[in-house]
Amino acid sequence: MVNETRSYPYSKSWNKPEFLTYIKEHGELIAALFSGVLLLFAWIGENYWSPPVYITLYLSAFIIGGFAKAKEGLEETLEDRSLNVELLMILAAIGSAAIGYWTEGAILIFIFSLSGAMETYTMNKSHKEISSLMNLQPEQALLVTGSHQQWVPVEKLKVGDFIRVKPGERVPADGVITEGASSLDESTITGESMPAAKGLENEVFAGTMNIDGSLLVEVTKESKETLFQKIITMVQNAQSEKSPSQLFIERFESTYVKAVLGAVAVMMFLPHFVLGWTWMETLYRAMILLVVASPCALVASIMPATLSAITNGARQGILFKGGVHLEHLSSIKAFAFDKTGTLTKGQPVVTDFIASDKGSADDILSAAASIEQQSNHPLAEAVVKYAEGKNMSFVNVEEVKNHSGNGVSGWYKGEEWMIGKADFIGRDQCSHFEDGVFSTLASEGKTVIFVKRNGVATALLALKDTVREDTKRAVQTLKNQGIYTIMLTGDNDATAEAIAREADLDQYISECLPDQKQEEIKQLKEHFPHVAMVGDGINDAPALAEADVGVAMGEGTDVALETADVVLMKNDLPKIAHAMELSKRMNRIIKQNVIFSITVIMLLIMSNFLQVLDLPLGVIGHEGSTILVILNGLRLLKN
């Protein structure tokens, strides 16, 4: 019998670096949850164990749960030279323990540390789109020097260098084509689903995909100055800007903490000298003030309501990346939409097929689709799908040849067939085909390709990226609420006008590059108090980050999904209206909670000062108000 070392496919073991990375990323959340477990055991153990045992558990919960927030509070205090809520919560918890209320102190630590851990996790996750963008930027380029070719790092490329870009490769640097022709997928830059035909002296951009031709490109910009790199920079800058609400909260936080600590300091001395209280009574009242004035109820006013609303949205296929985005959504007054993949399906489909000889239309379509079947161009795939939908049979064709950026040709039954754009077929023939129907279809924003048989144009196919079935309903719902709608697209004006008219949008702006989309969002923000952007592509990332609320389609690129604040998981545009209604409900409940919690805190403070409130009642009032606002927030779980 031979001893064997067997590996089981479902077993998994982490190596040390992976484990340490996981602990580093999620350590704060793990500590918060563990402190909650210790709190529960200590609370149960008060009836069974001696004080040293359960007090040790409480102390452990304090240290494990409060370490991260205490460290953060001290560091921010030293750096900004201003007090913060983190320190007040820690002091309130210590104050509770100092007068014998260990459970209340541990609860304060647990709630605050858990909310802080969730906030940290969300912030870390929101920055991952930068690494996703980097993955699309080639790290090496094939440098051409005379007859010699050499792979070099992209950052070593200089203006004037020549690089070779083969089919299926991404362009490593911005430049101009000096040799060759091809179709390039520029959706990372323009968002346009249709590949762009490129030839001599045409400009190409880093990060775009070369489809079917070998190109020699002269570098015109260094790696740090490429348009693709600018997209990364714009996303970083837009995300680093703080909202007015965030700035207000930061200012309020310092003022609130100073006021509470100042009041507690006064309560520890002044009543003894002015009102004749004993030192024990004075200290007792000061500790009650520190407990009842802690912002536990205020924190609970927002977090449970926010989490309930986020959970509700998730059930409906709407992913919110934070409560702040859900809060802002109800105040949006203008929605900007990307076209490709957002308002439209993002894939070209054949909308018209016209043959000069109606009797042989099926034969023409069959031969053309059979030739296109041997091409991997998106337009060719659309033609093949159209023929399949018509139950066309495919025939044997010969000598099929791709003409980069123009079309495809082949031989069938001894006749030469050509399928491609008007310039490839013959501009004059195409213009006069069927009484000039070419111009009419082009004005509708459609891409038109022709079929040429033995030197004569015999048919045309018009293709278009069609509007989603639910787009009109979503746009109309927004317009009924008085919200302005606009489309920002990299498409030409004719296509943009046709889509905007079909979707019934208020306005459209065509031929927008990523930086122009971001600039348009900035201009919209000057006319409307709050602006949202809906997109799905890498080219939408700067605009999504710039908008007050960025909304991404669930089938969009990883970068768009990471950059956006809200994700429509099922690409269901009408869900935007549901998200806005959910935002309004959440804001109403949060206002109720905040007003209620502040009122209770003020009543408790006044009662304490009048000496009609003892510590147990203060704790009941404080924690009771916390429970009530949590229950009120949980109402948002209902649809």
Working to the nearest 0.5 Å, report the span between [atom1] of [X] and [atom2] of [Y].
X	Y	atom1	atom2	answer
Lys472	Asp470	NZ	CG	11.5 Å
Met586	Phe320	CE	CZ	8.5 Å
Ile449	Leu460	CD1	CG	9.0 Å
Glu581	Arg585	CD	CZ	7.5 Å
Met418	Asn406	CE	CG	8.5 Å
Glu520	Asp515	CD	CG	10.5 Å

Using modelled atom types and a 3.5 Å cut-off, is there a donor and acceptor pairing between side-chain atoms of [X] and backbone atoms of [Y]?
X	Y	answer
Glu169	Lys166	yes
Asn210	Gly213	yes
Gln476	Arg473	no
Arg170	Ala206	no
Asn587	Lys584	no
Ser443	Thr440	yes
Ser583	Ser330	yes

Partner residues of [X] under the salt bridge (Lys or Arg N to Asp or Glu O under 4.0 Å) criterion, sequence neighbours left out:
X	result
Glu469	Lys345
Asp352	Lys446
Arg588	none
Glu497	Arg501

Verify whether the ring centers belonging to Phe450 and Phe438 lie closer than 6.0 Å.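 When the ring centroids of Phe450 and Phe438 are compared, they turn out to be within the sub-6.0 Å range.
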Is the distance from the ring center of Tyr484 to that of Phe528 below 6.0 Å?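 Yes, they do, as the ring centres are separated by less than 6.0 Å.
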For Glu179, give me all partners under side-chain hydrogen bond (donor to acceptor under 3.5 Å, both in side chains), at least two apart in sequence or on another chain.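 So Glu179 forms a side-chain hydrogen bond (donor to acceptor under 3.5 Å, both in side chains) with Arg164.
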May I ask you to test the [X]-[Y] pair for a side-chain heavy-atom distance under 4.5 Å?
X	Y	answer
Ile521	Leu488	yes
Lys333	Val531	no
Leu463	Val349	no
Asp540	Lys517	yes
Ile425	Cys430	yes
Pro172	Ile163	yes
Phe335	Met580	yes
Val176	Asn202	no

Glu222 and Leu157: side chain to side chain contact (heavy atoms under 4.5 Å, CB included), yes or no, with the steps? CA-CA 6 Å; Glu222 295 184 1; Leu157 292 177; over 6 Å; no
What's the shortest heavy-atom distance between [X] and [Y], and which atoms?
X	Y	result
Pro529	Asp548	O-OD2, 4.0 Å
Asn402	Ser375	OD1-OG, 3.4 Å
Pro574	Asp572	CD-OD1, 2.8 Å
Ala496	Ser510	CB-CB, 3.7 Å
Thr351	Lys464	CG2-CB, 3.9 Å
Thr563	Ala541	CG2-O, 3.4 Å

Those residues that, when tested against [X], pass side-chain contact (heavy atoms from CB on, under 4.5 Å) (two or more places apart):
X	result
Ser331	His530
Ser439	none
Thr485	Phe337, Val475, Leu478, Lys479, Leu505, Asp506
Glu155	Pro153, Ser223

Test side chain to side chain contact (heavy atoms under 4.5 Å, CB included) on Phe394 and Val384; report intermediate values, then the result. CA-CA 9 Å; Phe394 292 91; Val384 172; 3.9 Å; yes
Just by distance, no angles: are the side chains of Thr220 and Asp174 close enough, under 3.5 Å, to form a donor-acceptor pair?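 On atom types as modelled, these side chains do not qualify, holding no pair under 3.5 Å.
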I'd like to know if Lys156 and Asp161 make a salt bridge, using a cut-off of under 4.0 Å between side-chain N and carboxylate O. no
Between Glu546 and Lys525 (salt bridge meaning N to carboxylate O under 4.0 Å), is one present in this structure? yes
Please evaluate residues Leu216 and Val165 with respect to the criterion side chain to side chain contact (heavy atoms under 4.5 Å, CB included), reporting the C-alpha separation (whole Å), side-chain torsions for both, the decisive distance (0.1 Å), and the verdict. CA-CA 6 Å; Leu216 184 66; Val165 184; over 6 Å; no
Result of checking Val467, Thr344, Leu343 against Glu502 for side-chain contact (heavy atoms from CB on, under 4.5 Å):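 That would be Val467; it is the only one of Val467, Thr344, Leu343 passing the side-chain contact (heavy atoms from CB on, under 4.5 Å) with Glu502.
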Just to verify, which of Leu441, Ile354, Leu365, Leu379 counts as forming a side-chain contact (heavy atoms from CB on, under 4.5 Å) with Leu461? Leu365
State which residues pass ring pair (Phe, Tyr, Trp, His ring centres under 6.0 Å) with [X]; sequence neighbours excluded, sorted by chain then number.
X	value
Tyr386	none
Phe353	none
Tyr508	none

Side chain to side chain contact (heavy atoms under 4.5 Å, CB included) between Val534 and Met553: does it pass, once the steps are laid out? CA-CA 8 Å; Val534 188; Met553 307 297 282; 4.2 Å; yes
What do you reckon, is NZ of Lys421 surrounded by more than 12 foreign heavy atoms closer than 6.0 Å? yes
